[in-house]
**Student:** 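Please find one structure pasted underneath; my questions will follow.
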Amino acid sequence: MRSLVILALSALPCRSQDVPALLEALDAADPAAQAAAVEALRRAGPGRWPDVARGLEHGKPSVRAGTLLALREAFEEPVVDALIRACANPQLPAETRAGAVAVLAGLHRKPAPSGAKTVEWPGTPRVLEALRSAFRDGEPAVRQAAAAGAGEARDPGSAAVLSELFWEEKVLAVRRAMLRALSALEDPAAGEIAAKILKDAATHAALLGEAIEAARRAEMKDLPEILIAIVDASDSAAVLLPAIEGLGVLQVGAAALEKRLRHGNAAVAVAAATALAKIGGPPGFQPLVKAADDPRLEVRRGVLAALASFQHQDALPSFLKAYLKPETRSSALIGMASTSDLRMLDFYIEGLASEEAEVREKSRRALALLSFQGRMGLDPRPPLERKLAAGILSREVRLELQSLYVQSQPMPRWNVLGPLPPGRGEPFDITMNDGGLMEGDYQKVYTGVGTRDVKWIQADDGRGGYMDLAARLGPSPEAVAYASASIYTPKARSAEFRVGAAGTVAVWIGGKLAHERKVAREWRSADEIVRAVLQPGVTHLMIRCGRAGKEWGFSLHLPAEPAGKLLEPPPAKQDVKEVLAAAEKLAGAAAKGKALFADLQGARCAQCHLTEEAGEEVVRKAGPSLHGVGARLGRKELAESILLPSLKVKEEWKSSIVTTRDQRVHHGAVDESVLDQLSVNDREGNIVNILSVDVVHRFRTDRSPMPEGLNLGLSSQDVADLVSWLETLK
């Protein structure tokens with residue numbers, strides 16, 4: 001009942017007589033009631049703020065904390081008065097006083113009426129003066145909050161006091177906040193302090209991270225050489241970790257970082273791997289490939305994550321090796337999903353069924369990117385349909401795939417150009433080549449805003465498919481940007497695209513202007529419908545987005561392909577243990593089992609197994625001969641071999657992963673009976689012959705190429721029938 005009363009009060013204008021009850025409600029057990037009370041207090045009008053501020057002196061911590069939340073962004077002079085008193089009141093707990101300082105700092109400037117900028121207001125001078133006074137407070141928490149507030153407020157008047165007090169300060173957290181503030185203020189003192197710390201890195205290890213950032217902001221010319229020398233000379237993890245991170249930010253020092261990949265402290269080695277990934281290119285990539293076999297699990301995982309950021313095919317052997325070990329299989333799947341490649345389809349499918357959310361998400365994204373590659377022959381749906389027919393796709397994977405292909409999906413990757421000056425016409429012929437730029441066009445340099453040079457960059461989408469141009473292209477009050485991409489359509493059809501844009505927007509599909517909105521507005525996801533007729537093959541997309549406010553960006557959702565067995569509802573979920581138990585007890589019909597075995601559109605057993613004794617003229621199949629299996633195995637073992645084929649697998653029938661010179665990946669049982677040649681019998685029943693000289697890597701897994709019986713839609717009775725027929729093979 002109390003919560004309902006509070007929620008009711010929160011919907012009404014805040015009156016003076018309501019304030020005491022609302023303050024007490026800040027201590028409510030119900031979080032929703034607490035939040036409602038804060039919201040109601042935030043709407044306090046003129047003359048009521050002093051009453052609200054009394055909550056800062058309340059005996060309960062929850063009331064004091066809730067009051068601080070209610071006073072945030074309240075640009076009223078009585079609020080400033082109350083917060084200044086709280087900051088200086090030694091009777092209040094330190095955490096309340098520090099919180100008051102933090103809220104006060106947020107009031108140093110108020111939003112301009114346009115919403116794009118902030119402006120000073122009558123409370124500004126008093127806020128800044130209070131922050132400076134708090135630098136010398138007796139409580140470390142208050143001093144720390146004041147230093148952080150000065151950095152947030154960009155108060156140049158604080159710099160002299162902070163630099164004077166820095167070396168006198170004894171509390172590490174406060175010194176860190178002071179140095180961060182000086183760095184944010186871009187005061188010369190920050191560079192001077194940073195230089196002293198870097199000169200004696202071992203003594204000041206705890207401040208090294210802040211010092212490196214301050215030196216970077218101060219554009220210290222010899223910072224790269226200093227950090228390389230520190231990384232070369234020091235053996236302390238406390239010193240090495242920030243120094244290594246600094247080299248990664250500066251993208252220098254690959255040779256020094258490579259040495260630290262072998263450091264005895266695993267955290268240092270992982271930090272070096274992360275920094276090398278930021279450096280990129282061959283100097284960053286090659287050392288990571290060498291370190292992928294590190295005996296320490298933590299380091300191997302860190303190296304694999306770093307390799308994944310390169311999205312490079314040459315990392316594939318490292319990922320495949322890691323895939324074979326259960327402890328690094330998830331890291332390997334994430335790495336393989338970093339490059340969207342149809343040859344990796346089996347691994348993306350496995351990733352969709354992973355228990356780890358990150359693996360599922362990365363695999364889902366790789367499959368989404370595959371469907372949008374826009375090049376002939378890279379559409380994953382035909383091979384997915386074949387895998388569905390072969391029983392390779394579990395029910396859970398089918399549902400995941402349907403979520404990708406039934407609904408429209410945001411275009412995940414674009415080439416982006418900008419910021420360019422608005423109003424000068426298109427910088428290139430959008431209609432040429434049916435709207436698609438040629439490879440060389442992406443290398444051209446254009447004159448951007450402020451006469452700076454800009455080039456096309458490749459960019460992935462952000463939240464919910466939204467391409468945040470403001471974040472990617474930097475602050476430009478007035479500008480336009482272009483985004484180019486391609487999609488592939490197997491046959492002609494009508495399609496409905498959905499577009500959303502913050503600012504103005506124009507959309508070209510296949511070189512033709514399909515949609516334009518010249519009036520700027522805020523982004524609303526996929527609310528503008530663009531209809532077009534897509535021709536077979538590649539269709540080029542081009543977007544022009546103009547900035548007209550703080551937010552700048554766009555989204556484009558592609559229409560889904562509506563057809564295919566892949567989109568049919570999967571069979572009802574079954575439990576393997578239940579089906580196994582039922583199949584053991586049910587009476588099976590051997591004749592029906594034989595028909596199931598031979599059905600190449602259903603269970604497809606005959607595609608991979610022989611049942612008669614094979615002569616020399618018979619080509620080996622992907623699975624072992626079942627001749628005499630009824631004499632070797634009992635009913636339970638036969639049912640298990642159908643439902644759980646990877647439970648027991650002889651070495652010669654374990655699936656292998658074979659990569660070839662052309663970077664193709666083949667997954668299946670391997671036959672080496674022909675000299676200088678491998679024959680890979682894949683899980684779809686295909687046989688691929690590969691010359692031994694063309695094999696780059698071969699890895700043997702612990703799994704059978706045979707799909708699990710439930711993936712084929714087998715019922716308990718189907719399994720019982722198959723078992724009954726297999727029992728006759730003696």
Side-chain angles (χ1 to χ4, degrees), residues 201 205 208-209 212-213 216 223-339 341 344 347 351 354 356 358-359 361-363 365-366 460 697 699:
L208 201 53
I212 291 169
E213 177 60 19
R216 190 181 67 82
L223 180 59
E225 290 76 13
I226 291 172
L227 292 181
I228 289 171
I230 290 173
V231 171
D232 276 335
S234 179
D235 197 49
S236 165
V239 173
L240 286 172
L241 288 171
I244 286 171
E245 183 180 355
L247 288 178
V249 172
L250 296 173
Q251 298 183 340
V252 296
L257 292 169
E258 182 176 2
K259 296 176 185 176
R260 295 310 179 183
L261 286 172
R262 299 185 293 273
H263 194 274
N265 185 304
V268 171
V270 171
T274 304
L276 284 165
K278 292 179 180 178
I279 290 174
F285 183 78
Q286 296 301 333
L288 291 172
V289 172
K290 297 175 186 176
D293 289 329
D294 192 285
R296 296 166 292 180
L297 177 59
E298 181 183 348
V299 177
R300 291 203 304 278
R301 286 175 173 168
V303 169
L304 291 170
L307 282 171
S309 68
F310 283 84
Q311 301 181 3
H312 201 300
Q313 287 290 343
D314 287 349
L316 179 58
S318 299
F319 294 140
L320 291 174
K321 286 182 182 178
Y323 170 82
L324 300 177
K325 299 179 180 179
E327 65 271 19
T328 52
R329 182 163 291 159
S330 294
S331 298
L333 289 170
I334 290 171
M336 285 186 275
S338 65
T339 57
D341 190 320
M344 298 286 100
F347 300 103
S354 172
E356 297 186 29
E358 184 181 4
V359 179
E361 182 55 36
K362 296 288 186 183
S363 302
R365 181 171 180 77
D460 291 346
H697 297 282
F699 306 99

**Student:** Got a sec, which residues hit side chain to side chain contact (heavy atoms under 4.5 Å, CB included) with Leu324, two or more places apart in sequence or on another chain?
**Tutor:** Ile657, Phe699, Thr701

**Student:** What's the shortest heavy-atom distance between Arg329 and Tyr323, and which atoms?
**Tutor:** NE-O, 2.7 Å

**Student:** Hey, could you give me the CZ/CG distance between Arg216 and Leu223, rounded to the nearest 0.5 Å?
**Tutor:** 9.0 Å

**Student:** Looking only at heavy atoms, what is the nearest atom pair of Asn265 and Ala267, with distance?
**Tutor:** OD1-N, 2.8 Å

**Student:** Return the set of residues passing side-chain hydrogen bond (donor to acceptor under 3.5 Å, both in side chains) with Arg260 (not counting sequence neighbours), or none when no residue passes.
**Tutor:** none

**Student:** To the nearest 0.5 Å, what is the distance between CG (Leu297) and OG (Ser331)?
**Tutor:**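 One gets 7.5 Å once the value is rounded to the nearest 0.5 Å.
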
**Student:** With a cut-off of 3.5 Å and sequence neighbours excluded, list every side-chain donor-acceptor pair involving residues 227-245.
**Tutor:**
residue	atom	partner	partner atom	Å
Ser234	OG	Ser236	N	3.1
Asp235	OD1	His263	NE2	3.1
Ser236	OG	Ala238	N	3.3

**Student:** If I take atom CG from residue Leu304 and atom OG1 from residue Thr328, how far apart are they, to the nearest 0.5 angstrom?
**Tutor:** 6.5 Å

**Student:** Where is the tightest heavy-atom contact between Leu333 and Gly351, given as atom of each residue plus distance?
**Tutor:** CD1-CA, 4.3 Å

**Student:** With sequence neighbours excluded, tell me which residues meet side chain to side chain contact (heavy atoms under 4.5 Å, CB included) with Pro317.
**Tutor:**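 Pro317: side chain to side chain contact (heavy atoms under 4.5 Å, CB included) contacts with His697.
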
**Student:** Can you list every side-chain hydrogen bond (donor to acceptor under 3.5 Å, both in side chains) pair that touches residues 305-321, not counting sequence neighbours?
**Tutor:** Gln313-Asp341

**Student:** List the steps and the verdict of side-chain contact (heavy atoms from CB on, under 4.5 Å) for Lys278 and Leu247.
**Tutor:** CA-CA 9 Å; Lys278 292 179 180 178; Leu247 288 178; over 6 Å; no

**Student:** For the CD atom of Glu356 and the OG atom of Ser363, what is their distance to the nearest 0.5 Å?
**Tutor:**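 Separation between the atoms: 10.5 Å.
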
**Student:** What pair of heavy atoms forms the shortest contact from Ala273 to Gly302, and how long is it?
**Tutor:** CB-O, 4.2 Å

**Student:** Run the ring-ring contact (aromatic ring centres under 6.0 Å, His included) test against Phe310 and tell me which residues pass, sequence neighbours left out.
**Tutor:** Phe285

**Student:** Among residues at least two apart in sequence or on other chains, which ones pass side-chain hydrogen bond (donor to acceptor under 3.5 Å, both in side chains) with Gln251?
**Tutor:** none

**Student:** Please give me the minimum heavy-atom distance between Gly280 and Pro283, naming the atom from each residue.
**Tutor:**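 Taking every non-hydrogen atom into account, O-CD, 3.9 Å.
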
**Student:** Residues two or more places apart in sequence or in another chain: which of them pass side chain to side chain contact (heavy atoms under 4.5 Å, CB included) with Glu358?
**Tutor:** Ile334, Lys362

**Student:** With sequence neighbours left out, write down each residue that passes side-chain hydrogen bond (donor to acceptor under 3.5 Å, both in side chains) with Glu361, or none if nothing qualifies.
**Tutor:**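 So Glu361 forms a side-chain hydrogen bond (donor to acceptor under 3.5 Å, both in side chains) with Arg364.
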
**Student:** Which atoms form the tightest heavy-atom contact between Val270 and Val299, and what is the distance?
**Tutor:** CG2-CA, 3.9 Å

**Student:** Is the shortest side-chain heavy-atom distance between Leu276 and Leu261 below 4.5 Å?
**Tutor:** yes

**Student:** Taking only residues two or more places apart in sequence or in another chain, which ones pass salt bridge (Lys or Arg N to Asp or Glu O under 4.0 Å) with Arg301?
**Tutor:** none

**Student:** In residues 286-295, what donor-acceptor pairs under 3.5 Å come from side-chain atoms, sequence neighbours left out?
**Tutor:**
residue	atom	partner	partner atom	Å
Asp294	OD1	Arg296	N	2.9
Asp294	OD1	Arg296	NE	3.0
Asp294	OD2	Arg296	NH2	3.1

